[in-house]
Amino acid sequence: MIHATLHQLKVFEATARHGSFTRAAEELYLTQPTVSIQVKQLTKAVGLPLFEQIGKRLFLTQAGQKLLSTCQDIFQGLEQFEMSIADIKGMKQGQLKLAVITTAKYFVPRLLGPFCKRYPGIDISLKVTNHQRLQESMAANEDDLYIISQTPTQPDLNIHPFLENPLIVLAPTGHPLARKKNIPIEALNNEPFIMREPGSGTRMAVQKLFEEKDINVKVSLELGSNEAIKQAIAGGLGISVLSQHTIISEGTTGEFAILDVEGFPIERHWYVANLAGKQLSVVAETFLQFLLEESPAMARRLLPGLGKANSNTLEESEPQKSKQKALKT
Ligand code: PGA
């Protein structure tokens with residue numbers, strides 16, 4: 001039996017994750033020499049080197065890789081244990097790791113407010129990123145729950161649709177097309193278009209529609225964030241297609257107009273998903289229930305104009321239905 005302390009394992013895990021003693025020390029609020037002493041002692045206990053240093057970077061040896069995956073299992077088990085104990089005591093406590101696509105950053109924090117009030121013992125980490133990076137997080141099993149707009153074939157997920165996420169054509173208020181009705185989609189060919197970055201789910205959905213309809217917009221600008229695109233639209237640099245959720249605060253009362261273009265809105269939905277092979281923590285299960293129960297009413301309040309389909313009709317029409325698991329009640 002190896003004589004290692006939990007503290008040493010934590011220090012080792014952080015060092016392995018960052019590939020650096022210095023960054024691990026920063027994360028753990030320790031000094032760099034403390035971190036390297038802990039790793040040295042652990043190496044001695046294991047009896048084999050755990051890292052190789054090449055230049056300034058640290059690489060895990062084979063023994064180091066095995067120890068890292070053992071550490072991850074231990075920490076996950078302990079987290080789960082802690083939460084089960086809190087549950088037995090009748091308290092909802094622990095950590096919730098959420099990763100959401102960029103369009104959900106307007107909505108999810110508003111839902112977290114009442115959730116945190118109801119369960120003050122839950123700490124939340126919220127990661128906002130695009131479709132592609134979210135898939136990478138799933139593959140690395142980094143989070144408890146994911147909010148996505150497109151369901152990947154891999155990894156295997158439990159998926160629950162919960163709200164519409166329509167994509168609309170957004171222009172500045174004074175735009176000549178803003179007062180027109182039933183604008184043919186070909187009209188977009190004449191407009192400078194601002195596009196999201198490669199890897200964005202919004203971009204994929206827009207490109208798919210344009211390909212189907214044989215539309216060749218002039219991409220005048222490519223930007224990696226919905227907010228930057230909104231500023232560019234307001235600044236008169238062009239029009240774009242964004243989720244209606246991105247104008248949750250201002251609506252169309254200020255700088256933006258939604259153009260009534262044929263083929264729009266592109267009907268999409270948000271799904272909340274978790275890895276099928278991973279047991280949900282009590283805290284994650286609690287948030288999942290909260291999200292499914294509370295989000296329709298909150299969406300009606302925040303975005304009264306959002307499409308009318310509800311999650312029941314979605315569930316019936318979704319091809320992923322077979323993958324969905326009934327929620328525990
Ligand atoms: P994106 O995702 O940030 O990858 O465009 C948003 C969405 O798919 O709704």
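Each ligand, and each atom within it, is numbered from 1 in the order the structure gives.
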**Per-ligand residue contacts, ligand 1, heavy-atom threshold under 4.0 Å** = Ile101, Thr102, Thr103, Asn130, His131, Ser149, Asn165, Arg196, Ser200, Gly201, Thr202, Arg268

**Apart from Ile74 itself, residues in the same hydrophobic cluster as defined by side-chain heavy atoms under 4.5 Å** = Ile2, Leu6, Leu9, Val11, Phe12, Phe21, Leu28, Leu30, Val35, Val39, Leu42, Val46, Leu48, Leu50, Phe51, Leu58, Leu60, Leu67, Leu68, Phe75, Leu78

**Request:** Kindly indicate whether the side chain of Ile258, heavy atoms from C-beta on, has any atom under 4.5 Å from the side chain of Val169.
**Result:** no

**Request:** Enumerate the residue pairs fulfilling side-chain hydrogen bond (donor to acceptor under 3.5 Å, both in side chains) with a member in residues 60-71, sequence neighbours excluded, ordered by first and then second residue.
**Result:** none

**Message:** Hydrophobic clusters here meaning ILVMFWY residues chained together by side-chain heavy-atom distances under 4.5 Å, can you tell me if Ile101 and Val128 are in one?
**Reply:** yes

**Asked** Can we say Lys230 and Glu227 salt-bridge, meaning some charged N sits less than 4.0 Å from an Asp/Glu carboxylate O?
**Response** yes

Hey, can you pull the donor-acceptor pairs under 3.5 Å for the side chains in residues 183-190, sequence neighbours left out?
unit_1: Asn189; atom_1: OD1; unit_2: Asn216; atom_2: N; d: 2.9

